[in-house]
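Each remark here refers to the structure printed beneath this line.
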Amino acid sequence: MARATILHADLDAFYASVEQLLDPALLGRPIAVGGGVVLAASYEAKRAGVRSGIPGWRARRLCPDLTFVGGHFSEYQRLGDAVMDVLGDYTPWIERISIDEAFLDVAGSVHLFGEPAEMAAAIRRRVRDELGLPISVGVATTKHLAKVASQVAKPDGLVVVDAGEERAFLDPLPVELLWGVGPKTRGRLDQQGIRTIGDLAAASPERVEALLGSATGAKLGALAVNADPRPIETSRRSRSMGAQSALGRRVPSTRLLRTELGFLADRVATRLRASRQAGRTVTVRVRFRDLRSVTRAETVAEPLSTTHALADLSVRLARKALADHPEEREITLLAISVSKLAEGSPPETLRALDDAVDAVRAKFGRGAVGNASVVFRGAGRVPDAFRELAEAGAELAGDEDPASGHQSLD
DNA sequence: TCTGGGGTCCTAGGACCC
DNA sequence: TCTGGGGTCCTAGGACCC
């Protein structure tokens, strides 16, 4: 039987913990990072029902003494990276899955640092002592189970699920602890009397697949019986790249579409070029007042990565989406996503302008130059630092492959 | 009194080809 | 004479995650 050598390390209420670290007056108090929407809540706020993603007004109603803080996004990036450096002291086999969590496979480091559980304890101690942050760790035989374990460990805890103890650990837990079970799936399972992971593991595959669709059902079934031994992936290429802007309520004039989609196209195309990629499918999403949204997509023959081409196609797609919904007078969000990514740059002739813009920006900053929509759009509703943090999160794929160029610890 | 920005994966239907 | 089966690609929408 496989040993429990997979760790999932997950910082607790990360943004909120950083704020409490930066301003000790906030310690022990319910705080939320964000404003219009809650990006993160401290455990004190969570106890009152404040969750990330809920609107600010609802959070205030749930928790009248809630303190909102603006957010120190560059500090989140710095501290998140510092935590990953600590993890890297224990193994090169790290899969960072967001700014504040990662999987580790420590099978090859046991002779250096002791049992996986000891490493987990040491990691927690070091992150607390050196960086001042609480972090929970789960240890198990598979990634998914380690993640369930870290969720159970929260806040500020350690849970080890030894080989052979998986069923006893999983069976009594509620299904929503499984990765991929959200409100809808939980509701569907609940209607069938399936509430615990044990219930799900005991249900026939046919029944689960009939309920959730074949792929989702099979996947969830595998998770429930811990039969999903996916390996640690130290680097991964992203499959799409996008950007979006919430707009408040706006009438979708041609001028608005050109300005906002020009801004978004510029952000996406710049990142595409920086990663030397281009994409064939462009998807535009338009959201209406009731939060319903529609998408229109087009796949082109030649991969594109120029700001101009992306902006033009995006405006066309947005017009198509709007034309199909003439009853909608106002829109609240625009988004662009580019997928079917491939290595490659645009032809020389088309690239010259973007190259020049990229070069000037590298020297003088983003606002120094750009197409009119970028320069004249003015400040958005969302701080650039937050966008950059989110972008960084989307580009976690490390270029360091432990399998090549790194001496095995064994 | 309606909510950010970045992603992943799945489903279903239709076009098209052999 | 009116119709099989399989595969691939594309589009639109939805659920979910951090």
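Residue numbers start from 1 in every chain, and the chains themselves are labelled A, B, ... in the order their sequence lines are given, proteins ahead of strands.
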Length of the line joining A/L220:CG and C/dC17:P, which is rounded to integer Å = 10 Å
Spacing between A/L272 atom CG and B/dG7 atom C1', to the nearest angstrom = 14 Å
Report yes if the side chains of A/I31 and A/Q20 come closer than 4.5 Å at any heavy-atom pair, otherwise no.
-> yes
Using atom CG of A/D324 as one end and atom P of C/dT11 as the other, report the distance to the nearest whole Å.
-> 14 Å
List, with names and distances, any nitrogen or oxygen atoms from the protein found under 3.5 Å away from nitrogen or oxygen atoms belonging to nucleotides 1-4 of chain B.
| unit_1 | atom_1 | unit_2 | atom_2 | d |
| --- | --- | --- | --- | --- |
| B/dT3 | O2 | A/G53 | O | 3.4 |

Kindly indicate whether the side chain of A/V38, heavy atoms from C-beta on, has any atom under 4.5 Å from the side chain of A/V33.
-> no
With a 4.0 Å cut-off on heavy atoms, is A/R280 in touch with a base, just the backbone sugar-phosphate, or nothing at all?
-> sugar-phosphate
Taking only side-chain nitrogens and oxygens of A/R188, does any of them come within less than 4.0 Å of OP1 or OP2 of C/dA15?
-> no
Assign A/S214 to base, sugar-phosphate, or nothing according to its heavy-atom contacts below 4.0 angstrom with the strands shown.
-> sugar-phosphate
Toss me the dot-bracket line for DNA chain B: Watson-Crick and G-U wobble, both under 3.5 Å, 5' to 3', using | for pairs to another strand and [ ] for crossers.
-> ....||||||||||||||
Look at A/S240 and B/dT8 and indicate whether a side-chain polar atom (N or O) is within less than 4.0 Å of OP1 or OP2.
-> yes
Any A/L145 side-chain heavy atom under 4.5 Å of A/V161 side chain = yes
Between B/dT8 and A/K219, is there an OP1 or OP2 to side-chain N/O distance shorter than 4.0 Å?
-> no
Take atom CG of A/L178 and atom P of C/dC17, then tell me their distance rounded to the nearest Å.
-> 10 Å
How long is the line joining CG of A/L11 and C1' of C/dC18, in whole Å?
-> 13 Å
Reckon A/K340 has a side-chain N or O less than 4.0 Å from the OP1 or OP2 of C/dC10?
-> yes
Does any donor atom in the side chain of A/D171 or A/T196 lie under 3.5 Å from an acceptor atom in the other side chain?
-> no
Taking only N and O in the side chain of A/T295, is any of them less than 4.0 Å away from OP1 or OP2 of C/dG13?
-> yes
A/R287 and A/E330 ion-paired at < 4.0 Å | no
Using the P atom in both, what is the distance from B/dC2 to C/dC18, to the nearest Å?
-> 28 Å
Quickly, which of A/V106, A/L158, A/L104, A/V83 forms a side-chain contact (heavy atoms from CB on, under 4.5 Å) with A/I123? Name it, please.
-> A/L104
Decide yes or no for A/R249 and A/I331: does some side-chain heavy atom of the first lie under 4.5 Å from some side-chain heavy atom of the second?
-> no
Any A/T185 side-chain N or O less than 4.0 Å from OP1/OP2 of C/dC16 | yes
Select base, sugar-phosphate, or nothing to describe what A/A243 touches, counting heavy atoms under 4.0 Å on all strands.
-> sugar-phosphate
Rounded to the nearest angstrom, tell me the gap between atom CD in A/E176 and atom P in C/dA15.
-> 17 Å
Mapping A/G242 and A/G213 onto DNA chain B by nearest heavy atom, which one lands closer to the 5' end?
-> A/G242
B/dT3 and C/dC17, which share atom name P, separated by this distance in whole Å | 23 Å
Nucleotide B/dC10, atom P - distance to CG of A/L211 in whole Å | 18 Å
When you get a sec, tell me which of C/dT11, C/dC10, C/dC18 is the closest nucleotide to the side chain of A/E298?
-> C/dT11
Distance in angstrom units between A/Q151 CD and C/dC16 C1', rounded | 14 Å
Might you point out which heavy atoms bring A/D105 and A/T91 nearest each other, and give the distance in Å?
-> O-OG1, 3.0 Å
Do A/D85 and A/R126 sit within salt-bridge range, that is, some charged N less than 4.0 Å from a carboxylate O?
-> no
Hey, does the side chain of A/T299 come within less than 4.0 Å of C/dT11's phosphate (OP1/OP2), counting only N and O?
-> yes
Any donor-acceptor N or O pair under 3.5 Å, side chains A/Y76, A/E19 | yes
What distance separates A/R250 CZ from A/R255 CZ, expressed to the nearest 0.5 Å?
-> 9.5 Å
Would you call B/dC2 syn or anti, using the 90° rule around 0?
-> syn
Please state whether the phosphate of B/dT8, meaning OP1 or OP2, lies under 4.0 angstrom from any side-chain nitrogen or oxygen of A/R239.
-> no
